[in-house]
Amino acid sequence: MSTKESMHIDPYERAWIGVSIVLLVIFMAAIGVAGFALGIQVPSPEQRVDPRTVASDPNSPWSEPGLRELAPGKYEAYILAQTWAFLPREITVPVGSTVTFYVTSKDVQHGFKIQDTNVNMQIVPGQVSKLDITFDTAGRYDYICTEYCGAAHAIMYGTVIVEP
Ligand code: CUA
């Protein structure tokens, strides 16, 4: 086989190589725009905790899960996931509020998705998942478990009530 033959690339193959390179460049540009221009965050592993004591240690914010008001319209919500409930089951904020969710699990892996929003995190025992969201529209937003976690997984949910 001559060198020329072994180097032969079919024109279609060459075209598709070109297409895949262009797609890669577009995808990388999209990640850059999403991250830097639009400020879209990936749920970050905020801190590590001990899942055996996270609910009982009085120094742990998840020993009293719930909403804390930092300033007018600015809240933190400490949510504890366990089989098969979120604590608290309900939080209420005024419309326009920004809430930073800190969610962790005291037992197995759960999910935390707030319906009709972009909030969707995996909740891994020992790790804290954090995400901000601003509620611009009044209504009820259920947060549901999205990781199969046992028999009553399907009824594991809570509600954010956004008041007008
Ligand atoms: Cu918790 Cu499914």
Side-chain angles (χ1 to χ4, degrees), residues 23-24 26-28 30-164:
L23 279 176
L24 261 183
I26 291 172
F27 291 157
M28 290 180 78
I31 291 172
V33 169
F36 296 105
L38 303 178
I40 291 174
Q41 319 159 43
V42 169
S44 53
E46 172 70 8
Q47 63 176 103
R48 298 208 166 269
V49 291
D50 185 340
R52 290 164 300 185
T53 57
V54 73
S56 53
D57 180 352
N59 295 319
S60 156
W62 294 271
S63 63
E64 279 182 57
L67 198 66
R68 325 264 199 265
E69 185 171 8
L70 302 177
K74 230 180 141 21
Y75 297 86
E76 284 178 340
Y78 288 87
I79 308 282
L80 183 69
Q82 59 183 50
T83 47
W84 291 286
F86 292 107
L87 297 178
R89 289 176 190 277
E90 195 176 283
I91 62 174
T92 302
V93 294
V95 70
S97 298
T98 298
V99 183
T100 304
F101 285 89
Y102 295 89
V103 191
T104 193
S105 166
K106 71 171 199 181
D107 43 45
V108 300
Q109 184 167 323
H110 298 278
F112 183 81
K113 178 181 194 306
I114 306 180
Q115 303 288 59
D116 305 323
T117 71
N118 284 336
V119 175
N120 189 358
M121 303 189 282
Q122 272 190 310
I123 310 305
V124 179
Q127 188 171 294
V128 178
S129 300
K130 174 191 174 194
L131 209 52
D132 295 327
I133 176 173
T134 301
F135 291 98
D136 290 322
T137 310
R140 293 174 64 90
Y141 298 82
D142 286 336
Y143 40 92
I144 61 169
C145 181
T146 49
E147 288 285 340
Y148 182 73
C149 54
H153 156 74
I155 58 161
M156 180 169 172
Y157 78 101
T159 308
V160 181
I161 297 173
V162 179
E163 289 186 324

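It should be emphasised that the depicted structure is a prediction, and the values quoted were computed from it without experimental measurement. When a ligand or atom number is given, it counts from 1 through the structure's own listing order.
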If you round to the nearest 0.5 Å, how far is [atom2] of [Y] from [atom1] of [X]?
X	Y	atom1	atom2	result
E69	K74	CD	NZ	11.5 Å
R140	E163	CZ	CD	11.0 Å
Y75	L67	OH	CG	6.5 Å
I91	I79	CD1	CD1	5.0 Å

*Is atom 2 (Cu) of ligand 1 under 2.8 Å from any N, O or S atom of H110?*
no
*Among the N, O or S atoms that H153 has, which is closest to atom 2 (Cu) of ligand 1?*
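Atom name of the closest N, O or S in H153: ND1.
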*In E147, which N, O or S atom comes closest to atom 2 (Cu) of ligand 1?*
O
*Return yes when at least one N/O/S atom of Q109 is nearer than 2.8 Å to atom 1 (Cu) of ligand 1, and no when none is.*
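Checking atom 1 (Cu) of ligand 1 against Q109, no N, O or S atom falls under 2.8 Å.
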*Look at the N, O or S atoms of C149, main chain and side chain alike, and state whether any lies under 2.8 Å from atom 1 (Cu) of ligand 1.*
yes
*Which residue, K113, Q109, M156, forms the side chain to side chain contact (heavy atoms under 4.5 Å, CB included) with C145?*
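For C145, the side chain to side chain contact (heavy atoms under 4.5 Å, CB included) check succeeds only for M156.
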